[in-house]
Asker: 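Before I ask anything, let me first share the structure, which is written out below as structure tokens.
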Amino acid sequence: MPELPEVEVVRRGLAEHVLDRTITEVRVDHPRAVRRHAAGGEDFAARLKGRTITAVSRRGKYLWLEIGEDEAVIAHLGMSGQMLVADAERPVEKHLRIRFSFADAGPELRFVDQRTFGGLSIHPLVDGVPEPVAHIGRDPMDPLFDLDAAVAGMRRRRTELKRALLDQTIVSGIGNIYADEALWRARLHGLRPTEKLTRRQGVAVLEAASEVMVEALAQGGTSFDALYVNVNGASGYFDRSLNVYGQGDRACRRCGTPIVREPFMNRSSYSCPRCQPRPRPRASRVF
DNA sequence: CCGAAAACCTGAACGC
DNA sequence: TGCGTTCAGGTTTTCG
């Protein structure tokens, strides 16, 4: 599941393999992959023909290819999206949705997406970011990321800490996996109410999120060959270094207590019941 | 305006 | 063996 580190791996791969190349043809094989492009698949393809990719950028989990000064192709990977660089002769993937050919006759770019939560679309750039990205907060790897402002943003909310971490308008790039990992590192439970979060706790959990994503990027960035811009969503980080995510019943690496899995928003949260004690239930006012 | 929850998808894993 | 159910989860949309 691509979160910030995985998307950054893809961005780097694309910067290496498609930057400065001119598109000659785009084929859209599945309409759902361009559903966010309001004018439709034919318009999407027509508008890219002859354009040159001038930059490959990212904010949080959003990735985009700039085509000149004022337009960009957003690529959101959703749950299962991949951007693959492949020789045209290579057999097509089962879930191939969109393919780009280039004027230099080099390898093509393929957008492959099994679950079709992802997609591509063209938008004007506004203050340097595509329109649909305007409401997304800066991520912790952004040089202009403002830690104190992000902490203040979380504390202003009246919700639970993990929900705030997943809110892409406050801090972007954090998904379910890195949220759980950051909470474990900061020794905080995701159910803690944000209005009672201290500044110090807020700083601790965001710094932990930043650290874990930097470490994941360092591992994930090492594993793709020249013609395959990886990306299974699985940076090498997945199995080896996760402390809580997916580790139900395994011993906590700090204290040995079995990690517990709890339902959370139709999915799961993992935490150490000893290192990350649940908040006390709110004193009941009724009665 | 805000937060919670449903909806959108496919395939692997699991239970009977 | 095979069928039905559950789970995975980022973002947008809908609801209260």
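Residue numbering restarts at 1 for every chain, and letters A, B, ... go by the order of the sequence lines.
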Asker: Can you check the E195(A) CD to dG3(B) P distance for me, whole Å?
Answerer: 10 Å
Asker: In whole Å, I'd like the distance from the CD1 atom of I174(A) to the C1' atom of dT11(C).
Answerer: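 Taking atom C1' of dT11(C) as the reference, CD1 of I174(A) is at 16 Å.
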Asker: For the side chain of R163(A) and the base of dA4(B), is some donor closer than 3.5 Å to an acceptor across the two?
Answerer: no
Asker: Can you list, by residue number, the residues of residues 258-271 of chain A that have a non-hydrogen atom closer than 4.0 angstrom to DNA chain C?
Answerer: R261(A), R267(A), S268(A)
Asker: Judged by each residue's nearest nucleotide on DNA chain C, which is more toward the 5′ side, M79(A) or P132(A)?
Answerer: M79(A)
Asker: Which of these nucleotides, dG10(C), dT11(C), dA8(C), is closest to any side-chain atom of Y62(A)?
Answerer: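 Ranking dG10(C), dT11(C), dA8(C) by closest atom to the Y62(A) side chain puts dT11(C) first.
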Asker: For W184(A), does the six-membered ring have the charged nitrogen or CZ of R253(A) within the cation-pi criterion, i.e. under 6.0 angstrom from the centroid and within 45° of the normal?
Answerer: no
Asker: Does R32(A) or T159(A) map to a spot on DNA chain B nearer the 5' end, using the closest nucleotide for each?
Answerer: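 Taking each residue's closest nucleotide, the earlier one in sequence belongs to T159(A).
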Asker: Taking the side chain as every heavy atom from C-beta outward, state whether L161(A) and H189(A) have any pair of such atoms under 4.5 Å apart.
Answerer: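 When only atoms from C-beta onward are counted, H189(A) and L161(A) do not touch, as no gap falls below 4.5 Å.
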Asker: Quick one: F117(A) CZ to dA6(B) C1', roughly how many Å, whole number?
Answerer: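 It is 12 Å, rounded to the nearest whole Å.
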Asker: Answer yes or no: are there more than 12 heavy-atom neighbours, outside R27(A) itself, under 6.0 Å from its atom CZ?
Answerer: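 Counting other residues, nucleotides and ligands, CZ of R27(A) exceeds 12 neighbours.
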Asker: Within the side chain of R155(A), is there an N or O that forms a donor-acceptor pair under 3.5 Å with the backbone of L197(A)?
Answerer: yes
Asker: Look at the side-chain N and O atoms of H76(A) and state whether any lies under 4.0 Å from the OP1 or OP2 oxygen of dT12(C).
Answerer: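 No, because none of the side-chain N or O atoms of H76(A) sits under 4.0 Å from OP1 or OP2 of dT12(C).
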Asker: Between dG10(C) atom C1' and E6(A) atom CD, what is the distance in whole Å?
Answerer: 13 Å
Asker: Using side-chain heavy atoms (C-beta onward) and a distance below 4.5 Å, is P130(A) in contact with L125(A)?
Answerer: yes
Asker: Please tell me if R97(A) has a side-chain N or O lying less than 4.0 Å from either OP1 or OP2 of dT10(B).
Answerer: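 No, outside the criterion.
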Asker: Picking from D113(A), L14(A), I98(A), V56(A), what satisfies side chain to side chain contact (heavy atoms under 4.5 Å, CB included) with M83(A)?
Answerer: L14(A)
Asker: Please enumerate all protein N or O atoms sitting under 3.5 Å from an N or O of nucleotides 13-16 of chain C, with distances to 0.1 Å.
Answerer:
none

Asker: Tell me the interatomic distance from Y178(A), atom OH, to dA8(C), atom P, rounded to whole angstroms.
Answerer: 17 Å
Asker: Would you mind reading off the distance between K162(A) atom NZ and dG10(C) atom C1', rounded to a whole angstrom?
Answerer: 13 Å
Asker: Given dG10(C), dG3(B), dT10(B), which nucleotide is nearest the side-chain atoms of R157(A)?
Answerer: dG3(B)
Asker: Nearest-Å distance, CZ (R115(A)) to C1' (dC8(B))?
Answerer: 12 Å
Asker: From the list dA8(C), dG10(C), dG11(B), which nucleotide is the closest neighbour of the side chain of K94(A)?
Answerer: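 Among the listed nucleotides, the one closest to the side chain of K94(A) is dG11(B).
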Asker: Please report, rounded to the nearest Å, how far the P atom of dA4(B) is from the CG atom of L166(A).
Answerer: 12 Å
Asker: Please determine, by modelled atom types, if T194(A) and R157(A) share a side-chain donor-acceptor pair under 3.5 angstrom.
Answerer: no
Asker: Without swapping roles, check the side chain of R51(A) against the backbone of L48(A) for a donor-acceptor pair under 3.5 Å.
Answerer: no
Asker: Exactly one of P258(A), P273(A), S271(A), C275(A) should register a side chain to side chain contact (heavy atoms under 4.5 Å, CB included) with C252(A). Which one does?
Answerer: C275(A)
Asker: Tell me whether the side-chain N/O atoms of Q168(A) come closer than 4.0 Å to OP1 or OP2 in dT11(C).
Answerer: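 So the side-chain polar atoms of Q168(A) do come within 4.0 Å of the phosphate oxygens OP1 or OP2 of dT11(C), strictly under.
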Asker: Any donor and acceptor pair, going by atom type alone, linking the side chain of E160(A) with main-chain N or O of R192(A) inside 3.5 Å?
Answerer: no
